[in-house]
Enquirer: 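Pasting in a structure now, in structure tokens, and then I'll have a few things to ask.
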Amino acid sequence: MASKLGRTINTSKLFPPKTLNPCHLIPSFVHKKKISINEHSPFFPESNIYTEFSRPYHSSEDAVSIHSDSTTVVEELTAIFTNQPLLRTSEELTTLGTKLNTETVESVLKGLKSWRIAYEFFSWAADQDGYRHNCYTYNAMASILSRAKQTAKLKILARDMVNSRCPMTPGALGFLIRCLGSQGLVDEANYIFDQVKMMGLCFPNSYTYNCLLEALSKSTSVDLVEKRLREMQNSGFGPDKFTLTPVLRVYCNAGKFEKVLDVFNQIRDRGWIDGHIFTILMISFSKWGEVDKAMELIERMEDLNISLNEKTLCVLIHGFVRESRVEKALHLFDKMRKLGFKPDLPLYDVLIRGLCQKKELRKALNLYMEMKDSGILPDVSIISKLISSLCGEGDLASTKILLEEGEQALDAKALILLYNTLLDGLVNHGLVDKAYLLLRVMMGAESVSEAVNDLVSIKKIVSPDCTSFSIVIDGFCNMGQLDSALRLFWDMIRMGWKGNVLLYNNLINELCNANRVDEGFELLKEMKKSGFKPTQFTHNSIFGCFCRREDVSRAIDLVREMRENGHEPWIKYYSLLVKQLCIHGKVIEASDFLNNMVQEGFLPEIIAYSIVMDGFFKIQGVDKATKLFRDICGRGYCPDVIAYNILMNGLCKARRVSEAQDVLNEMLEKGVVPSVVTYNILIDGWCKTHEIDQAILCLSKMVEKAREPTVVTYSTLIDGLCNAGRPNDALILWNEMVKKGCSPNKIAYTALIHGLIKCNKADIAVVFFHEMKEKEMKPDRFVYLALINDFVSKGNSVLALEVLKDMVTNEKFPSPLDKDYPLCISALHKLSEDVVTSSDVKNLIVQGLIPTIGNVSDMDVKSVVEPRD
DNA sequence: ATAGGGTTAG
């Protein structure tokens, strides 16, 4: 874009040439005006603000020629700066410096190929006596830097330009603004515009404003654009098409639908709609995922006889593929070809990828063939995509053809990429052994080449690279074939490949997962020897293994080594370690481990301390636990709700419920919000210490605080109420629970059934017993036994037998070693003594469901084998 | 290839 340095408005790339007359902003008199080529005055009279449009540009074809002396100077300078950097301090150059003028500088800048040299020349010129850059030389330089994307230098240049106080024509300022805008330097463009205006270096006209808006429209700064638009109107410049276009664009960028519509209507009402406007809208719609709306626009465009341009179609096709609507994309693709546009590789690429993603591989292949027929050479990336998709579908035959084509068209470096894709595809398709065979053939093992005949017909051998090995090694790892992975790894090392960090990490991690940590350690040594630095992941893999093994001393040694490397041990591993130590009663060891971590400079998270605190409580170390809690508080930890819960639970279990109540108050003071669990713990504490009223009070408090009781809350209280001899209240609570939609689980049923039995209400209990079984919850044996025993003791043999039958068909009768055994036997005795149930008991013995008991003889048993009616 | 961790009822 920035090629005329502000003298003419070159908008052809921004706006369709058909709709734009570049002169529409320029009063006609300007074209007649000429300005002397040797104009050196740094200040143009104000009346000349439009002269830049007519100033000839010496290097363009129709430009006025520079006299021959100047031409020589340009040529010499260009030659010296291009080819003879050593001559830059020579006398010759000093002489040339005296002949410098702005036109020469512009010419030289235009002729220099590299932005770096141009920049050097530009700086050199600035230092020459009697020479000053003007706005055109600055713009020439700005244009070069902008094209070279040297944004930092461009910014400095723009500031220098302002600081030099060189006057600018509105066009020149517009040009500069567009240079900045094209590099996304929106704020800078905005700033420079104001500076220039403020310093009186230029009076912006509507073109300048349009340039500024154009620059701003690359952002989403709606406010900025609106502000400038008002400013422009206040300066007497009404908006034209080139004003509204950037306004539309910024609203599009910011996703302001309403505003977009509003501006669009303004543009339409003034008859300014063109393809460019549509393109802006369509790109936005496509970005917003509104491809259908974009399609509607296309139809409207066709109605308005505005031709679709290639870019718009491309954008839409990309948009449809992005939404996985490949059919629609293909439809547009056809349209595009009918309009005579020739699709390029990127467009084929996106469609083929879209089809691959939809697993429409036949269509993808056809399109690929079409592309080749139309004379477009495929690149390695598209072949690679096809190979990996075909592999994924197990279509090895097509893969083979593509690979053969690749062999003809690609060099060895690209070809190895295809082979790696193939290896990867095989591995992903679960064919890691096949991949391994292919790899061996690549390594030169001709003896197995038969086995990969269906994959490749190797004409030229492609040696595997590090990636090839990595793919197959990782494949083995993922298939659990760790030893194959290791063997291949060492093969790779022997072949001189060093591997990479990822490969080492994967292998070490797999070894550690397989509890082969010593080998993992060996590999770590090898890794370091090869010059790779272990990462956090490497160390934590090994650390995790030590933690799982509860190997405290090696774990702490590793923590030390990790600290030296600046690697943090992962909480999931050390919390696992302390948890397991606690489970095994080694709470002191767990506590010591955390202390050691602190000594090594790592502060364990509160979670780990919570585990240890709970551990102390579980081994009746109440004082140790509470001391630990206070210690960590003193060390600056802020216990969270779970840490408090553990503390309260420990105190409650030690029957120190009022202390637990104090802890709850402490929580509230400190602003730690109690959870349902907190209240449940306290409720249970009160229940277990026979303070059922306190427990119910606690329930109402939790409801007050909008903590919904859970099935745990209800179970706890139902158990407590029954133990307090209040079965009716327990039943009321049960109904309340069900009414609230809280469905009872096995523990809740157990609590109620057992509670009712304890309250002498086995007849009610058995109703819930049946309800529970209907819900396919399996009662624990002690529930059966409690019922049987209760019925037996009350002489209700029929019900007792019914439950007994139920029990023995659902689970084994307790063994003689079981603590419940004597109880069961005594119940059986009672049932066999009762005439109503004795024969059924014998039947159960015959069926082998219950053991033979004392006074039921074998003879008796035989007598019941014959069925009686 | 990177956090799932710790607490309550029969």
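Residue numbering restarts at 1 for every chain, and letters A, B, ... go by the order of the sequence lines.
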Enquirer: How would you label the contact of A:Asp719 with the nucleic acid (heavy atoms, under 4.0 Å): base, sugar-phosphate, or nothing?
Expert: sugar-phosphate

Enquirer: Over how many whole Å does the gap from A:Ile757 atom CD1 to B:dG10 atom P extend?
Expert: 16 Å

Enquirer: Starting at atom CG of A:Leu576, determine the distance to atom P of B:dG6, rounded to an integer number of angstrom.
Expert: 9 Å

Enquirer: What is the distance, rounded to the nearest whole Å, between atom CH2 of A:Trp570 and atom P of B:dG4?
Expert: 10 Å

Enquirer: Using a heavy-atom cut-off of 4.0 Å across all strands, would you classify A:Ile571 as base, sugar-phosphate, or nothing?
Expert: base

Enquirer: Can you check the A:Tyr574 OH to B:dG6 P distance for me, whole Å?
Expert: 13 Å

Enquirer: Under 4.0 Å, heavy atoms only, any strand: does A:Lys758 hit a base, just the sugar-phosphate, or nothing?
Expert: nothing

Enquirer: So does A:Lys778 get a side-chain nitrogen or oxygen closer than 4.0 Å to the phosphate oxygens (OP1/OP2) of B:dG10?
Expert: no

Enquirer: Among B:dA1, B:dG6, B:dG10, find the nucleotide with the atom closest to the side chain of A:Ile607.
Expert: B:dG6

Enquirer: Considering only B:dT2, B:dG6, B:dT8, which nucleotide approaches the side chain of A:Asp640 most closely?
Expert: B:dG6

Enquirer: With hydrogens left out and only the distance checked, is there a donor-acceptor pair under 3.5 Å joining A:Thr716's side chain and the base of B:dA9?
Expert: no

Enquirer: Just checking A:Lys624: does its NZ atom have more than 12 heavy atoms from other residues, nucleotides or ligands closer to it than 6.0 angstrom?
Expert: no

Enquirer: Output the rounded distance in Å from CG (A:Leu647) to P (B:dT8).
Expert: 13 Å

Enquirer: State whether the number of non-hydrogen atoms from other residues, nucleotides or ligands found under 6.0 Å of A:Glu666 atom CD is greater than 12.
Expert: yes

Enquirer: Any idea which of B:dA1, B:dT8, B:dG6 is nearest the A:Leu502 side chain?
Expert: B:dA1

Enquirer: Examine the base of B:dA9 for any acceptor or donor lying under 3.5 Å from a partner atom in the side chain of A:Asn745, and report the outcome as yes or no.
Expert: yes

Enquirer: Does the base of B:dG6 carry an N or O that pairs as donor and acceptor with the side chain of A:Asn645 under 3.5 Å?
Expert: no

Enquirer: Compute whether any side-chain donor of one residue and acceptor of the other, for A:Asn760 and A:Lys794, lie under 3.5 angstrom apart.
Expert: yes

Enquirer: Any idea which of B:dA1, B:dA9, B:dG4 is nearest the A:Lys653 side chain?
Expert: B:dA9

Enquirer: Please give, in whole Å, the distance from B:dA9 C1' to A:Leu699 CG?
Expert: 14 Å

Enquirer: Using atom CD1 of A:Ile718 as one end and atom C1' of B:dA9 as the other, report the distance to the nearest whole Å.
Expert: 10 Å

Enquirer: Should we say atom NZ of A:Lys705 is surrounded by more than 12 heavy atoms from elsewhere, each under 6.0 Å from it?
Expert: no

Enquirer: Out of B:dG6, B:dT8, B:dA9, which nucleotide sits closest to the side chain of A:Val677?
Expert: B:dT8

Enquirer: Is the Lys NZ or Arg CZ of A:Lys498 less than 6.0 Å from the centre of A:Phe532's six-membered ring, within 45° of the axis?
Expert: yes

Enquirer: With a non-hydrogen cut-off below 4.0 angstrom, is A:Asp780 in contact with a base, only sugar-phosphate, or nothing?
Expert: base

Enquirer: Are any of A:Lys618's side-chain N or O atoms less than 4.0 Å away from OP1 or OP2 of B:dG6?
Expert: no

Enquirer: Mark yes when over 12 heavy atoms from residues, nucleotides or ligands other than A:Lys627 sit less than 6.0 Å from its NZ; otherwise mark no.
Expert: no

Enquirer: Is there a side-chain contact between A:Asn649 and the phosphate of B:dT7, meaning an N or O under 4.0 Å from OP1 or OP2?
Expert: no

Enquirer: Under 6.0 Å between ring centres: does that hold for A:Tyr784 and A:Phe769?
Expert: yes

Enquirer: Looking only at the side chain of A:Ile642 (C-beta and beyond, no hydrogens), which of the listed nucleotides B:dT2, B:dG10, B:dT7 gets closest?
Expert: B:dT7

Enquirer: Send over the distance from A:Ile542 CD1 to B:dA1 C1', rounded to a whole Å.
Expert: 15 Å

Enquirer: I want to verify a distance call: between B:dA1, B:dG10, B:dG6, whose nearest atom is closest to the A:Lys579 side chain?
Expert: B:dG6

Enquirer: Nearest of B:dG4, B:dA9, B:dT2 to any side-chain atom of A:Gln536?
Expert: B:dT2

Enquirer: From the set B:dA1, B:dG6, B:dG10, return the single nucleotide nearest to any side-chain atom of A:Ile646.
Expert: B:dG6

